[in-house]
Number of protein chains: 2
Amino acid sequence: MTGQRRVIARVLSDADDHPDVEELYRRASVLDSRISVATVYRTVRLLEEKGILERRDFGGGRARYEATEHGRHHYHLIDVDNGKVIEFEDQEHEELMRRVAERLGFDFVSMRLELFGRKRTVQQEAKAPQPSKRKGAAS
Amino acid sequence: MTGQRRVIARVLSDADDHPDVEELYRRASVLDSRISVATVYRTVRLLEEKGILERRDFGGGRARYEATEHGRHHYHLIDVDNGKVIEFEDQEHEELMRRVAERLGFDFVSMRLELFGRKRTVQQEAKAPQPSKRKGAAS
DNA sequence: GTATGTGCAAAATGTTTGCAAGCCG
DNA sequence: CGGCTTGCAAACATTTTGCACATAC
């Protein structure tokens, strides 16, 4: 347990969003400016292998991370207009997928589910100000 | 409509699996050896924008493609031991997700669902010959 | 003191792009 | 011909890695 890992672990457990490596690096740098990106990459990989962290891919090319929650699972709805992530639960879902896997002759290992949606507004603005190309916001 | 696009379109419509760009390039090269990877990238992007192709991410870092199917949707189960992809249908699924989006105040745009599983064998070989790290097979 | 972790910069990987040349209609 | 398409190689973005140095225990 080195200082750097302690700091990165701290940042991760404090986070209630889904930061990517660059964001983790930024936050960790505030607490200890002599941390390098390479160490962040190495640490998240380590923590993922240990099952402490989970890697997510919400599109946009970079991996994002969140602490593993033991017990109730949750899924993600991504707002296609601003990249914001909303978490939701769906009790029946995993059980349903377990049955699908079984039907196909497989043991369920894991699943990935992401929902993409657009905020439902009162005046369904016909020409919403689409934030253009590939600059997804955090969360 | 140039020769190259014709060839690439051909390869795509002939494919009943989920090739990545490298694989498409390989198959296209057989039919016309003077096609470049750049053209394959440009063509799949074009076809995706036109809604003819769909890009998938089954993990492993590279995008994979399959022809858009109008009508019944299907999902994918990835065999974690060899990367093979099995397609399956689940009638109720999309309707379920539409309701979830609605409950959260969103209009459903699209969803992503992947199931990861391991083949259920008779003699659950305790130490299966895991094909090591990151060399997912085709399909 | 030794195994392990780190910083840095270079390499690897997958994808995109600028540009000059080529093909299509 | 005039514009869209190509090939090539260079540029990109993210992630990994080799190596010498630093740190933990």
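Order of the sequence lines sets the chain letters (A, B, ...), proteins ahead of strands, with each chain counted from 1. Here the structure is a predicted model, which means the values were calculated and not measured.
For A:Gln4 and C:dC8, the CD to C1' distance is 14 Å, given to the nearest whole Å. The distance between atom CD1 of B:Ile35 and atom P of D:dG7, rounded to the nearest whole Å, is 7 Å. Here the P atom of nucleotide C:dT15 and the CZ atom of B:Arg62 are 7 Å apart, to the nearest Å. Between B:Tyr41 atom OH and D:dC8 atom C1' the separation is 15 Å, expressed in whole Å. Atoms CZ (A:Arg6) and P (C:dG5) sit 13 Å apart, rounded to a whole Å. B:Arg64 has its CZ atom 18 Å from the P atom of C:dT13, to the nearest Å. As rounded to whole Å, 11 Å separates atom C1' of D:dA24 from atom CZ of A:Arg5. If you take OH of B:Tyr25 and P of C:dG14, they are 15 Å apart, rounded to a whole angstrom.
Nearest-nucleotide assignment on DNA chain C puts the 5′-proximal partner with B:Arg55, out of B:Arg55 and B:Thr2. Along DNA chain C, the nucleotide nearest B:Arg45 and the nucleotide nearest A:Val37 are compared for position; the residue whose nucleotide lies closer to the 5' end is A:Val37. The residue among A:Asp20 and A:Met1 whose nearest nucleotide of DNA chain D lies closer to the 5′ end is A:Asp20.
The closest side-chain donor-acceptor pair between A:His73 and A:His93, if any, does not fall under 3.5 angstrom. One side chain, B:Glu66 or B:His74, offers a donor N or O that lies under 3.5 Å from an acceptor on the other.
B:Arg42 comes within 4.0 angstrom of a nucleotide base, judged by non-hydrogen atoms across all strands.
Within the 3.5 Å criterion, the main-chain N or O of A:Arg5 finds no donor-acceptor partner in the side chain of A:Thr43.
The distance between the ring centers of A:Phe58 and A:His76 falls below 6.0 angstrom.
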